[in-house]
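Below, chain A is the first sequence line, B the second, and so on; all start at residue 1.
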Protein chains: 2
Amino acid sequence: MSKWLERQPDLLARKLEHFARLSPEDIEALDRIWRRKSVTAPPQDDIVRQGDPPGGVRLMQAGWACRYRMLADGRRQILSFFLPGDLCDLNNFVLRRMDHSVMALTPVRYTMLGAEDFDSLTTRRPRLMHALWWDNLVAMAIQREWTVNLGQRSAVERLAHLLCELYVRLHVIGLANGGAFDLPITQVELADTVGLSPVHVSRTLKDLRERNLVQLHRGKLEIFDFQALSSVALFRPDYLHLAAEGAHLAANA
Amino acid sequence: MSKWLERQPDLLARKLEHFARLSPEDIEALDRIWRRKSVTAPPQDDIVRQGDPPGGVRLMQAGWACRYRMLADGRRQILSFFLPGDLCDLNNFVLRRMDHSVMALTPVRYTMLGAEDFDSLTTRRPRLMHALWWDNLVAMAIQREWTVNLGQRSAVERLAHLLCELYVRLHVIGLANGGAFDLPITQVELADTVGLSPVHVSRTLKDLRERNLVQLHRGKLEIFDFQALSSVALFRPDYLHLAAEGAHLAANA
DNA sequence: CGAATCGTTGACGTAAGTCAATTGCGGTGG
DNA sequence: CCACCGCAATTGACTTACGTCAACGATTCG
């Protein structure tokens, strides 16, 4: 089995504990959800397609996916990355058609949640639901920060910022070791994320490499100096709304 | 009194009816909220400041405001516009500090909503609450579309797209007459919205003017050919999730 | 009427895009 | 095992869209 499909048992609880203190019962409830029947998708597969009716909330359990939107002439913008423990659109039930697609970047495993799940969580595990809302608000804040990234930052700053953000997010779910993590996406995908051409992404990565900040080699990203990288990126982790521990984590690394 | 501070009575109901069929009781409930004690702010005033605790949800009643975020070196990105009938962050209660600021662009009037309001709406006026969630999801979709805008579109496309979007949004609340509406922001603010320099905004507006698409003169925007403008912008109104009527509206103009 | 603010224009600089050739690499099959 | 393929990444030469700087109009407001 691909390493990408393995579910880490307490990954979600670990993340949510940054947002609210969870009781043993909360963790137990999370665990039951985590063990449910899951679905897998191969890389490049569209999990959700623009124009489809929503069909429920997806809880990502393993692998990377991304949300993207295409223009009529074929240009593509990647709008967000879904990492293990992420929810795709907490409120999905409300709208009638998806205005974007979601694609697997690696082999992906996820499980579906229905409106009933959230109803029952709201009444029976309010703390947990509170943490899910928090997580949702952080997702919105990330979206805003990407807007800042594309609107204001230069190529180097943009890429550096993205890498800082991914590092912190992956660290929170225990998928970053030291300064390194798996970055299973091509430079074309990176380009569609940061709004640059693929060749300029290549050049910019080279630049970052030559400054001894990071190295991306065969899908593995190594950060040599997180402090320096975040200062190049003008990275301020406040928008990730981590509790004290997490902020501290982001500061060191 | 400034024209910007006048509350249009059924503006909010008009918008929400695009999202859900409202009962007379729903409309009555909306109306009671709309008539509450309101607060005003002068142009340029920060209504919410980055770092502050949230302090409740604001329902915009009149005037324009914007959400923005600053980088350490002074660059500013405008993240969204708040128009009459918009809610600032439905879930605000959850987080502890604001990661962005909100500033009045014109004289602004708004009213505060507390968690109790939403609790009571959820139990007593579920249809209405549903419409508010819908509105919130549309706000998120707009944020994503801005990401697309900044990441993929050229200067002309970007500005054209912004104008199309504003036209549709203003039309929905009855603030667009024919092809024209008030656009009470400077070119510097436009620039910080679309991630261009102010002088390039000026040139790009000139370009659009010379193509006989739009004219912006003394805070009044006139759209001469919405079809042509949206095709220049690659504007697809799907992300605004209007009901059939609204989609049709966007198509014609 | 004058000061401040906002918009416009021109000349010039630069970051990023485009095109195209080349290299590296992992998988496949003979 | 090596030859071949296909994809991803790199590099160089050249183009272009947009930024910067600075001067100059226009409009608003006291």
Notebook entry, point to check: C:dT18 base to A:Arg203 side chain: any donor-acceptor pair below 3.5 Å?
Noted result: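 Present.
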Could you tell me how far apart [X] ([atom1]) and [N] ([atom2]) are, to the nearest whole angstrom?
X	N	atom1	atom2	answer
A:Asp192	C:dA16	CG	P	17 Å
A:Ile185	D:dA8	CD1	C1'	13 Å
A:Leu183	D:dA8	CG	P	15 Å
A:His217	D:dA9	NE2	P	11 Å
A:Leu205	D:dT11	CG	C1'	14 Å
A:Leu190	D:dC7	CG	P	19 Å
B:Asp207	C:dT9	CG	P	12 Å
B:Leu159	D:dA17	CG	P	16 Å

Picking from [options], which would you name as closest to the side chain of [X]?
X	options	answer
A:Thr186	D:dA8, D:dT20, C:dC6	D:dA8
B:Leu196	C:dA16, D:dC18, C:dG7	D:dC18
B:Arg218	C:dG7, D:dT27, D:dT20	D:dT27
A:His200	C:dC6, C:dA16, D:dT11	C:dA16
B:Ser197	D:dG19, D:dC18, D:dA9	D:dG19
A:Ser202	D:dC21, D:dT11, D:dC18	D:dT11

Between [Y] and [X], is the closest basic N to carboxylate O distance under 4.0 Å?
X	Y	answer
A:Asp238	B:Arg69	yes
A:Asp207	A:Arg203	no
B:Arg236	B:Glu145	no
B:Lys220	B:Asp182	yes

Notebook entry, point to check: Got a sec: does the CZ of B:Arg36 have more than 12 other heavy atoms crowding it under 6.0 Å?
Noted result: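 Counting neighbours around CZ of B:Arg36, more than 12 heavy atoms of other residues, nucleotides or ligands fall under 6.0 Å, so yes.
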Using a heavy-atom cut-off of 4.0 Å across all strands, would you classify [X] as base, sugar-phosphate, or nothing?
X	value
B:Val201	nothing
B:Ser154	sugar-phosphate
B:Gly219	nothing
A:Arg209	sugar-phosphate

According to a strict under-4.0 Å criterion, is [X] in side-chain N/O contact with OP1 or OP2 of [N]?
X	N	value
A:Lys206	D:dT11	yes
B:Gln187	C:dT8	yes
A:Arg153	C:dA15	no

Item checked: Value rounded to 0.5 Å, distance of CZ in B:Arg75 from OG in A:Ser154 ->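 Output value for this atom pair is 6.5 Å.
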Next item on the list: Using the closest heavy atom to pick a nucleotide of DNA chain C for each, name whichever of A:Gly195 or B:Val188 lands nearer the 5' end.
Entry: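 Result: B:Val188.
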